[in-house]
Amino acid sequence: MKVVLPDNSELELPAGATGLDAARAIGPKLAEQAVLVRADGAVQDLRAPLADGQRIQLLTTRDKDDPDALAVLRHSSAHLLAEAVRRLYPGVKIAIGPPIENGFYYDFDFPEPIREEDLERIEAEIRKELAEGREWNREEISREEAKARFAAEDEPFKVELVDTAEGDISLYTQGDFTDLCRGPHLQNSKPIKALKLTGLAGAYWRGDSTKPQLTRIYGTAFYAKDDLDAYLERVEEAKRRDHRRLGVQLDLFHLADNSPGSPFWHPKGMVIWNELEDLRRRENLRRGYVEVKTPLLYDVQTYVTSGHYENYRDNMFFTHSHGSEGEFALKPMNCPGHMLLFGSALRSYRDLPFRYAESSTLHRDELGGTLHGLLRVKHITQDDAHIFCAADQIEDEIFGCLDYASFLYDLFAMEARFELSTRPEKKLGSDEEWDFTEAALRSALAKRGIEYVVNEGDGAFYGPKIDLHMTDALGRSWQMGTIQLDAQMPQNFGLTYMGADNREHTPYVIHRALLGSLERFIGILTEHYAGDFPFWLAPVQIRVLPVGEAHADAGSTLCLRLRDAGYRAEVGEPTDTIGKRIRAAELEKIPVTIVYGDRESDESLAVRERGGAQSTLSLAALLEKLATL
RNA sequence: GCCGGAGUAGCUCAGCUGGUAGAGCAACGCUCUUGUAAAGCGUAGGCCGUGGGUUCGAGUCCCACCUCCGGCUCCA
């Protein structure tokens, strides 16, 4: 048989030859350094057979930054971890250990809980394995044989994996440790030049919170020690952009025990907040939305009608009116309010669509362990809107939302990932209705040429949704905007409009929040800019620094003129040296600083931009320049 | 909610096997009157997350709770 090499040359091999055989046929050095083979684009183990005519690429230890090459190294590292843990903790049950972005993990069921300090011991044991050296051997066996083998070893998780595994069963053995594994793996442990265990966490078996919780050990590994160091440095760098750290440093907000998950917005944070609100109002107006305001408290029956009581009551805050006539709950979303508003009068098809916008305070009693700075809060504010429309208006309205979202994310040079979430198990309405609403969203995405991934079963209980996701400084993914098409809630609230046919019709509702949560958006935005907000968002745009007391009046005058021109300007009083005040302005990431001393006048101002660029400008030239920022 | 960590001055942190709570920055005062990333000296600042316990004595040991951090699950 023949395979095709990357330079398009053909290589003749005996039938059933493997990637390793191909490497050997080319040269002994390549065979030694090979870690993985890509056959027709798909990665496979060096020991697995190639097929005739395949286009192959051999990856070696020199492809140290290739994601697939890193994955195989880390996958093998995970097996070393399992071997070490099995030796150190007799009676431990092993579950599953894949490579992940930036590393790997392995899940175990320990007889006794382990602690973080155990990681050192385990890491030392892995280093011992690396010093001794390990070779991986691959074998394929029958399902029954595999089951019998892992049953005999008393490894229930592996038995379950054999039961649910697709295709042939393969085993990998290194040292005296054999694992059920599809591979691929390294030939031996030599390429693993740097390995570090990075954390310990609980994780449910198969990601299911009703199943037992296992202990997950995280680690990472590289082909070179320098790469590990660089990675750790990147992690440190990322922590410096963390919005929780910058939020304190830049005096934007704080969180306190008095009201967990509810940010206290400081004056500077509020500037950013209000700029986003202004943006929302301005754009809503242009796009035909109308602003409304609906109550924060509703009786429980309202939430029963909307379906939220059934689905989310555990995450709602309940309260009683005095006299205890009835139970009320703080709204966790705006939908019921907007439904009731639409239903408060007779509606005509001529007035559709109604686009009700409201940026309102919502409260969600999130599970304790899930709160996270501004990114996951109990006090949440959405740039929310509900569009009530007829079936033939859905597509245009979805387009409107998608275009609006693109406009907003482009404005911040942020790139969101689109996801389509489809019908969940627990849902309202018939499959026919969901066929229609899901198709409408798919079609809108396709017509706009937007790439997206599908999250099967992840939709809201009342309808499918398009979500926009972004990653934070530490690489975690967060849902930002959402566009949801709902055929259910309007029915539950008995909403209708009078059609051209003089009959009542039920409207569709598009629930949409484009920035998503203001809190989360500001958190992500802070990390996106690493605190260096663009001029229009900067809490303080200009700081005037009089060199000495003698220049204080002139500095104040200049500051007032800049304020008159509409800028957020302030004076840095001459209580410290000029050097120190410039340093402070830099640390506060103020875009423009103006030093004012004996040499300055309206004709000649010493302007310093964040980062150090200096220029001498007249006041008129400065105002001109500021207008372009 | 679950697993693992952590809570000491406004911020960043030190405080060993139990023996009178510390530093730097910030704040405040005085001196200096400043020229593009840190002037000097001084003062003040603490229920050591909260509540219980052990002890002659607890920041330190034990229990419970709260909050935060890394994950898991969840995210209308």
Side-chain angles (χ1 to χ4, degrees), chain A residues 105 107 110 113-119 198-218 239 242 244-245 248-249 251 254-261 303 306-316 331-336 362 364 366-373 375-377 380 382 424 458-463 465 467 474 476 478-479 482 484 486 489 511 513 516-517 520 545-552 574-587 593-600 606-614:
Chain A
Y105 67 79
D107 285 347
F110 284 93
I114 66 161
R115 323 190 57 195
E116 211 148 75
E117 58 210 40
D118 290 273
L119 292 184
T198 52
L200 187 60
Y204 299 104
W205 171 235
R206 310 218 123 177
D208 184 339
S209 58
T210 64
K211 298 209 159 116
Q213 191 166 43
L214 307 173
T215 303
R216 175 169 297 177
I217 298 176
Y218 284 92
K239 283 183 187 161
D242 192 310
R244 291 165 296 188
R245 187 190 186 106
V248 173
Q249 247 169 49
D251 197 18
H254 82 270
L255 293 160
D257 291 1
N258 313 65
S259 186
Y303 300 109
S306 72
H308 289 96
Y309 187 80
E310 171 65 20
N311 286 281
Y312 292 105
R313 64 169 169 269
D314 288 346
N315 293 326
M316 288 165 60
K331 66 177 171 186
M333 64 298 115
N334 292 304
C335 332
L362 310 175
R364 299 180 177 184
E366 303 289 1
L367 285 175
T370 63
L371 297 177
H372 187 102
L375 301 185
R376 188 75 181 270
V377 290
I380 178 173
Q382 291 180 324
D458 230 16
F461 64 88
Y462 47 73
K465 54 186 189 142
D467 292 328
L474 295 173
R476 292 172 289 216
W478 297 91
Q479 181 189 309
T482 182
Q484 311 172 348
D486 175 10
M489 230 185 277
H511 309 238
S517 133
R520 179 175 292 179
L545 301 178
V547 172
E549 283 297 342
H551 317 106
T575 49
D576 279 308
T577 60
I578 191 75
K580 189 165 183 179
R581 281 178 286 150
I582 285 166
R583 176 179 149 82
E586 283 289 341
L587 292 176
T593 337
I594 300 174
V595 174
Y596 203 108
D598 287 336
R599 307 205 282 266
E600 279 69 38
V607 179
R608 178 194 167 100
E609 289 175 67
R610 181 168 51 197
Q614 288 175 49

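In what follows, chains carry the letters A, B, and so on, assigned in the order in which the sequence lines appear, proteins first and then strands, with residues in each chain numbered from 1.
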- Message: Suppose you measure atom C1' in B:C68 against the same atom in B:U50; what distance do you get, rounded to whole Å?
- Response: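 Going atom to atom, C1' in each nucleotide, I get 15 Å.
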
- Query: To the nearest Å, how far apart are A:Glu600 CD and B:U34 C1'?
  - Reply: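 Atom-to-atom, A:Glu600 to B:U34, this comes out as 13 Å.
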
- If you measure from the C1' atom in B:C47 to the same atom in B:C66, how many Å do you get, rounded?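 Straight-line distance between the two C1' atoms is 16 Å.
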
- Query: How would RNA chain B look in dot-bracket form, 5' to 3', counting Watson-Crick and G-U wobble pairs with both distances under 3.5 Å and writing | for bases paired to another strand?
  - Reply: (((((((..((((.....[..)))).(((((.......))))).....(((((..]....))))))))))))....

Are there any protein N/O atoms within less than 3.5 Å of an N/O atom in nucleotides 5-10 of chain B, and if so, which ones and at what distance?
{"unit_1": "B:G5", "atom_1": "OP1", "unit_2": "A:Arg115", "atom_2": "NE", "d": "2.9"}
{"unit_1": "B:G5", "atom_1": "OP1", "unit_2": "A:Arg115", "atom_2": "NH2", "d": "3.1"}

- Message: Any base atoms under 4.0 Å from A:Ala606, or only sugar-phosphate, or nothing? Heavy atoms, all strands.
- Response: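 Base: the residue A:Ala606, judged by heavy atoms under 4.0 Å, touches a nucleobase.
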
- Query: Is the phosphate of B:U34, meaning OP1 or OP2, less than 4.0 Å from a side-chain N or O of A:Thr577?
  - Reply: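 Negative; the distance criterion is not met.
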
- Message: Rounding to an integer number of angstrom, what distance separates B:C75 and B:G18 when you compare their P atoms?
- Response: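 Their P atoms lie roughly 47 Å apart.
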
- May I have the distance from A:Asp576 (atom CG) to B:G35 (atom P), rounded to whole angstrom?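 In whole Å, B:G35 P and A:Asp576 CG are 13 Å from each other.
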
- Message: Applying a 4.0 Å non-hydrogen cut-off, can you work out what A:Leu371 is touching in the nucleic acid: base, sugar-phosphate, or nothing?
- Response: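 Sugar-phosphate contact only.
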
- Query: Phosphate oxygens OP1/OP2 of B:A26: is one of them under 4.0 Å from a side-chain N or O of A:Lys580?
  - Reply: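 Yes, because at least one side-chain N or O of A:Lys580 sits under 4.0 Å from OP1 or OP2 of B:A26.
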
- Item | 4.5 Å side-chain heavy-atom contact, A:His308 and A:Phe461 |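 Side chain of A:His308 against side chain of A:Phe461, heavy atoms only: contact under 4.5 Å found.
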
- Message: Between A:Arg581 and A:Asp576, is the salt bridge (charged side-chain N to carboxylate O under 4.0 Å, His left out) condition met? List the steps.
- Response: CA-CA 6 Å; A:Arg581 281 178 286 150; A:Asp576 279 308; over 6 Å; no

- Query: Hey, which of these two, A:Leu587 or A:Arg244, hits RNA chain B nearer its 5' end, going by closest nucleotide?
  - Reply: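 The residue whose closest nucleotide sits nearer the 5' end is A:Leu587.
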
- Query: For B:A38, does either OP1 or OP2 sit under 4.0 Å from a side-chain N or O belonging to A:Arg581?
  - Reply: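 Answer is no, no contact under 4.0 Å.
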
- Task: Would you kindly give the CG-to-P distance between A:Asp242 and B:C69, to the nearest whole Å?
- Result: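 In whole Å, B:C69 P and A:Asp242 CG are 9 Å from each other.
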
- Item | Taking every non-hydrogen atom, the tightest pair across A:Glu586 and A:Gly611 |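 Nearest pair, atom of A:Glu586 first, then A:Gly611: OE2-N, 3.0 Å.
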
Would you list the protein and nucleotides 71-76 of chain B atom pairs, both N or O, that sit under 3.5 Å from each other?
{"unit_1": "B:G71", "atom_1": "OP2", "unit_2": "A:Arg476", "atom_2": "NH1", "d": "2.6"}
{"unit_1": "B:G71", "atom_1": "O3'", "unit_2": "A:Tyr218", "atom_2": "OH", "d": "3.2"}
{"unit_1": "B:G71", "atom_1": "O2'", "unit_2": "A:Tyr218", "atom_2": "OH", "d": "3.0"}
{"unit_1": "B:G71", "atom_1": "N2", "unit_2": "A:Gly202", "atom_2": "O", "d": "3.2"}
{"unit_1": "B:C72", "atom_1": "O4'", "unit_2": "A:Gly202", "atom_2": "O", "d": "3.1"}
{"unit_1": "B:C72", "atom_1": "O2'", "unit_2": "A:Tyr204", "atom_2": "N", "d": "3.0"}
{"unit_1": "B:U73", "atom_1": "O2'", "unit_2": "A:Ser209", "atom_2": "OG", "d": "3.2"}
{"unit_1": "B:C74", "atom_1": "O2", "unit_2": "A:Arg376", "atom_2": "NH1", "d": "3.4"}
{"unit_1": "B:C74", "atom_1": "O2", "unit_2": "A:Arg376", "atom_2": "NH2", "d": "2.8"}
{"unit_1": "B:C74", "atom_1": "N3", "unit_2": "A:Arg376", "atom_2": "NH1", "d": "3.1"}
{"unit_1": "B:C75", "atom_1": "O2", "unit_2": "A:Arg376", "atom_2": "NH1", "d": "3.2"}
{"unit_1": "B:A76", "atom_1": "OP1", "unit_2": "A:Lys465", "atom_2": "NZ", "d": "3.4"}
{"unit_1": "B:A76", "atom_1": "OP2", "unit_2": "A:Lys465", "atom_2": "NZ", "d": "3.4"}
{"unit_1": "B:A76", "atom_1": "OP2", "unit_2": "A:Gln479", "atom_2": "OE1", "d": "3.4"}
{"unit_1": "B:A76", "atom_1": "O4'", "unit_2": "A:Tyr312", "atom_2": "OH", "d": "3.1"}
{"unit_1": "B:A76", "atom_1": "O3'", "unit_2": "A:Tyr462", "atom_2": "OH", "d": "2.9"}
{"unit_1": "B:A76", "atom_1": "O3'", "unit_2": "A:Gln484", "atom_2": "OE1", "d": "3.4"}
{"unit_1": "B:A76", "atom_1": "O3'", "unit_2": "A:Gln484", "atom_2": "NE2", "d": "3.2"}
{"unit_1": "B:A76", "atom_1": "O2'", "unit_2": "A:His308", "atom_2": "NE2", "d": "3.2"}
{"unit_1": "B:A76", "atom_1": "O2'", "unit_2": "A:Tyr462", "atom_2": "OH", "d": "3.0"}
{"unit_1": "B:A76", "atom_1": "N7", "unit_2": "A:Arg364", "atom_2": "NH1", "d": "3.4"}

- Query: Should A:His372 and A:Arg244 count as side-chain neighbours, where that means a heavy-atom distance under 4.5 Å?
  - Reply: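 A:His372 reaches A:Arg244 side chain to side chain.
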
- In whole Å, what is the span from the OH atom of A:Tyr596 to the P atom of B:U36?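 Checked: the OH to P distance equals 18 Å.
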
- Message: Which nucleotide wins on minimum distance to the side chain of A:Arg599, given the candidates B:G35, B:A37, B:U33?
- Response: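 Nearest to the side chain of A:Arg599 among the choices is B:G35.
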
- Please measure how far the P atom in B:G59 lies from the corresponding atom in B:C3, and state the result in whole Å.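 These two P atoms come out 29 Å apart once rounded.
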
- Item | Nearest-Å distance for atom pair CG/P, residues A:Leu545 and B:A37 |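 In whole Å, B:A37 P and A:Leu545 CG are 12 Å from each other.
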
- d(CG, A:Asn258; P, B:U50) in whole Å: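 The distance from CG of A:Asn258 to P of B:U50 comes to 13 Å, rounded to the nearest Å.
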
- Selection from B:U33, B:U67, B:A37 that lies nearest to any side-chain heavy atom of A:Arg608: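 When the side chain of A:Arg608 is considered, B:A37 is the closest of B:U33, B:U67, B:A37.
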
